[in-house]
Amino acid sequence: MKFGKWLKKQIEQSPEEWQEKFLCYKELKRCVKAVPSGRPPTSEEEAGFVGPLHAEIEKINSFFLEQEEEYVIHYREQLDAIQRMVARQAAPQHEAEAIAVWREILNFHGEMLLLLNYCNINYIGLLKILKKYNKRTGAGLLLLPAIATLREHPFFRTDTVSNMVQECETMLEVLSDGLPE
C-alpha cells in the first residue's frame, strides 16, 4: 500500500478532532511535483516547498504541545485521585471508586498511546516527503539537515508522554492487584 493511502486510513481511524492536525502529505507532494526534476531548485522553487513544509511542522508541534500539556494536567489529577483512594486504604465500600479510577487511567493510557502514534506517523510522513524532494531535485543538501532538525522538534521528543504511559502502566498494575477477581 502506498504511504499516502496508508496515511489517509490512519487519519480516518484517529479521533475526529485530530484529523485536521495530521501532516497534509498530499499537499506537500504537490509542492514537490511543482519543482522541476533533475536539477537543483531555484531559491523560489525551494521556498515553494520549504515554506509549506515548515507550516506543517509548526502545526504538528503546536498540536502535540497542546495535547502534552493537557495530558500532564490530567495525569496529575489521576495521581491525586489515587492518593485519595490510598489514603482511605481502598476499603471494600470504595471498590466502585477503585474500578472507576482504573478505567479512567486505562482510557487515559490509550489516549497517550494515540498521541505517540500521531507523532510517529507524522515523522514518517515528513521523512518520506523529504526523500521525495531529494529524489526529485537531486539536492541532497536539504535532506540530512532537515532530518537532524526534525529530531529537535517537540513532536519528536516525546519523553514526557512516554514516561507518563509507563507510569500509567505501573498504576494500572498496582490498582489491578487491589481489585477483586
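All values reported here derive from a predicted model rather than from experimental measurement.
- Atoms NE2 and CG, on His153 and Asn122 in that order, are 12.5 Å from each other to the nearest 0.5 Å.
- Between the Ser14 side chain and the Ile11 main chain, a donor and an acceptor come within less than 3.5 Å of each other.
- Note that CG of Leu23 and CD1 of Ile129 are 7.5 Å apart. Values are rounded to the nearest 0.5 Å.
- Ionic pairing of Glu12 and Lys9 is not present here: no N-O contact between side-chain nitrogen and carboxylate oxygen is shorter than 4.0 angstrom.
- Between His74 and the choices Glu70, Arg76, Glu77, the side-chain contact (heavy atoms from CB on, under 4.5 Å) rule is met once, by Glu77.
- Asn117 contributes no side-chain N or O that, together with a main-chain N or O of Leu113, makes up a donor-acceptor pair within less than 3.5 Å.
- Contact check for Tyr75 versus Met171: side-chain heavy atoms found under the 4.5 Å cut-off.
- In this structure, CD in Gln67 is found 12.0 Å from CE in Met112, a value given to the nearest 0.5 Å.
- Between Phe108 and Tyr71, the distance from one ring center to the other falls under 6.0 angstrom.
- Counting non-hydrogen atoms of neighbouring residues, nucleotides and ligands closer than 6.0 angstrom, the CD atom of Glu44 reaches no more than 12 such neighbours.
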* To do: Go through Gln78 and His109 one step at a time and tell me if the side chain to side chain donor-acceptor pair (under 3.5 Å) criterion holds.
  => CA-CA 11 Å; Gln78 290 303 311; His109 178 264; over 6 Å; no
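- Residues Tyr25 and Lys132 are in side-chain contact: their nearest non-hydrogen atoms beyond the backbone lie under 4.5 Å apart.
- Using a 4.5 Å heavy-atom threshold, the side chains of Glu27 and Pro52 count as separate.
- Ser62 and Glu58 are linked by a side-chain donor-acceptor pair at a separation below 3.5 angstrom, with hydrogens and angles left out of the test.
- Put simply, the side chain of Glu45 never gets that close to the backbone of Ala34: no donor and acceptor are under 3.5 Å apart.
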* **CA sep, side-chain torsions, deciding dist, call: Phe64, Tyr118, ring pair (Phe, Tyr, Trp, His ring centres under 6.0 Å)** => CA-CA 9 Å; Phe64 172 75; Tyr118 165 87; 7.9 Å; no
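- Ile57 is not listed as a side-chain neighbour of Thr149, based on a closest heavy-atom distance of 4.5 Å or more.
- Side-chain atoms of Glu46 do not come within 3.5 Å of backbone N or O of Pro41 as any donor-acceptor pair.
- Atom CD of Gln13 is surrounded by more than 12 heavy atoms from other residues, nucleotides or ligands within 6.0 Å.
- Put simply, OG1 on Thr158 and OH on Tyr123 are 12.0 Å apart, with the number rounded to the nearest 0.5 Å.
- By the 4.5 Å heavy-atom criterion applied to side chains, Leu114 and Trp18 are counted as neighbours.
- Side-chain contact between Glu169 and Glu173 is absent, with no heavy atoms from C-beta onward closer than 4.5 Å.
- Heavy-atom contacts from other residues, nucleotides or ligands closer than 6.0 Å to CZ of Arg30 number more than 12.
- Judged purely by atom type and a 3.5 angstrom limit, Lys59 uses its side chain to pair as donor or acceptor with the backbone of Phe22.
- Between the side chain of Arg151 and the backbone N or O of Phe156 there is no donor-acceptor pair closer than 3.5 Å.
- Counting heavy atoms from C-beta outward, Leu53 and Leu130 have side chains that approach closer than 4.5 Å.
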